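Before any comments, here is the structure.
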Protein chains: 2
Amino acid sequence: MTSRKTVQNTHIEAPFRVLHSALVDVTVFMNRPQADEAMLREAGISLDRALFPLLLGIERFGPIGVVDLADRAGRDHTTVSRQVAKLESLGLVERQADARDRRVRNAVISPKGKAMTDQVDAARMRMAHALFEGWDPADIEQLSRLMRRFADGIATMTKDD
Amino acid sequence: MTSRKTVQNTHIEAPFRVLHSALVDVTVFMNRPQADEAMLREAGISLDRALFPLLLGIERFGPIGVVDLADRAGRDHTTVSRQVAKLESLGLVERQADARDRRVRNAVISPKGKAMTDQVDAARMRMAHALFEGWDPADIEQLSRLMRRFADGIATMTKDD
DNA sequence: CTATTTATGTGCATAATGCACACAATGAGG
DNA sequence: CCTCATTGTGTGCATTATGCACATAAATAG
């Protein structure tokens with residue numbers, strides 16, 4: 001049933017497919033702005049669709065320059081430049097000169113911006129608690145460990161292209 | 001170092017945080033249209049940024065109606081309606097009447113569209129092979145299994161809201 | 001020192017997005 | 001059967017986001 005095609009790696013293809021489809025499902029979920037927006041509205045906050053992922057990116061990867069951020073977001077650097085400026089004008093991020101490269105104006109999250117992303121994190125954490133109810137703690141630990149390793153692998157691959 | 005705050009669930013919070021940050025990293029990667037676009041260009045195909053995720057969604061979840069698809073994509077249904085029409089005019093998806101609800105015009109992927117998504121899948125599979133080099137097959141199997149379970153949990157939660 | 005690359009940003013045309021609205025089909029309640 | 005609210009789909013229109021061409025400043029290569 002599972003052994004088809006070239007026999008060499010078939011035994012490893014099946015888990016790949018399972019993993020891939022699971023990742024697609026999770027990615028779709030993580031992308032849902034409705035969830036985030038609903039949470040933020042609940043907290044009395046509102047932010048444009050396009051701005052929010054960038055705020056999360058700055059929180060996670062900052063201090064980060066416009067070009068790097070644009071690369072991560074998959075958008076043109078000019079678009080990101082404008083959006084970061086907007087986030088700055090909203091007081092959600094701050095910009096600071098890079099110590100080693102004076103061209104770079106790194107974006108870092110402001111206390112006000114951090115308060116927003118913290119709320120999103122907290123809401124996700126609450127969901128996680130509900131989601132993992134009934135799981136064996138060892139499985140949770142395994143999943144976390146392997147996902148981290150997987151993400152690190154991706155980061156390594158991405159770096160050397 | 002890791003034990004702070006309320007002691008009650010601290011032992012389970014740490015894996016959550018690790019998992020969350022790993023998921024964010026992976027999500028960022030999966031969202032990169034550059035990767036997909038590069039692959040498609042390599043194959044002589046070109047498709048608009050906004051259209052491609054929808055094509056992947058239709059391939060994965062189709063036959064699916066505009067409203068459902070819009071909900072998954074996190075965009076307004078009117079936007080998705082136009083984009084699906086565009087995909088249809090490009091011959092990448094087909095539309096068919098729903099057997100039970102004559103209002104619904106389900107979108108399904110066409111052979112031509114499938115050929116495109118297959119190429120993306122194949123490219124991702126190649127990357128996976130490189131990524132998992134040196135992994136213990138048992139770990140790969142574990143990761144796949146647990147991620148699938150995790151994704152199913154999310155799907156269940158999402159369904160009942 | 002000159003040439004090239006890199007990081008950031010602006011002007012402008014184009015595409016995407018969402019709201020208001022419309023219409024057809026469904027389903028609930030009388 | 002007949003309203004009437006709900007749901008799935010789609011169009012007109014104003015707004016916003018996006019990316020290309022281009023510009024500037026700083027770093028880097030030669």
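The chains referred to below are lettered A, B, ... by the order of the sequence lines, with proteins before strands, and numbering in each begins at 1. No experiment lies behind these values; they were computed from the predicted model shown.
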Do the side-chain N or O atoms of [X] get closer than 4.0 angstrom to the phosphate oxygens (OP1, OP2) of [N]?
| X | N | answer |
| --- | --- | --- |
| B/R75 | C/dT17 | yes |
| B/K86 | C/dA16 | yes |
| B/T79 | C/dT17 | no |

Atom-pair distance ([atom1] on [X]; [atom2] on [N]), nearest Å:
| X | N | atom1 | atom2 | result |
| --- | --- | --- | --- | --- |
| B/D76 | C/dA20 | CG | P | 11 Å |
| A/N106 | C/dG9 | CG | P | 11 Å |
| A/R105 | C/dT10 | CZ | C1' | 14 Å |
| A/D71 | C/dT8 | CG | P | 12 Å |

Donor-acceptor pair, side chain of [X] and main chain of [Y], under 3.5 angstrom:
| X | Y | result |
| --- | --- | --- |
| B/S110 | B/G91 | yes |
| B/R95 | B/R105 | yes |
| A/K112 | A/L90 | yes |
| A/D25 | B/A151 | no |

TODO: May I ask you to decide whether B/D152 forms a salt bridge with B/R148, counting only side-chain N to carboxylate O separations under 4.0 Å?
DONE: yes
Task: Nearest-neighbour nucleotide for the A/R95 side chain, C/dT8, C/dT26, C/dT17 considered - done: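 Selected nucleotide: C/dT8.
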Open item on the list: For a 4.0 angstrom threshold against heavy atoms of chain A, report the outermost contacting nucleotides of DNA chain D in 5' to 3' order.
Closed with: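 Extent of the interface on DNA chain D: D/dA17 to D/dA27.
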Open item on the list: Quick check: on DNA chain C, is the nucleotide nearest A/R103 upstream (toward 5') of the one nearest A/S81, or the reverse? Name the residue that is more 5'.
Closed with: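 Mapping each residue to its closest nucleotide by heavy atoms, the 5'-most match is A/R103.
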TODO: Would you mind telling me which residue lines up with the more 5' stretch of DNA chain D, A/H77 or A/R102, judged by nearest nucleotide?
DONE: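 Residue closer to the 5' terminus by nearest nucleotide: A/H77.
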TODO: Between A/D101 and A/T78, name the one whose nearest nucleotide on DNA chain D is closer to the 5' end.
DONE: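 Its nearest nucleotide being more 5', the pick is A/T78.
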- [ ] For A/V66, answer base if it contacts any base atom (sugar-phosphate contacts may also be present), sugar-phosphate if it contacts only those atoms, and nothing otherwise; contact means non-hydrogen atoms under 4.0 Å.
- [x] sugar-phosphate
Open item on the list: Categorize A/V104 for me: base, sugar-phosphate, or nothing, with a 4.0 angstrom heavy-atom threshold over every strand shown.
Closed with: sugar-phosphate
- [ ] Identify whether B/L19 and B/I154 are in the same connected component of the hydrophobic contact network (ILVMFWY, side-chain heavy atoms under 4.5 Å).
- [x]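 Linked, B/L19 and B/I154 end up in one cluster.
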Open item on the list: Would you say B/R17 and A/S144 are linked by a side-chain donor-acceptor pair, where the criterion is simply a distance under 3.5 Å?
Closed with: no
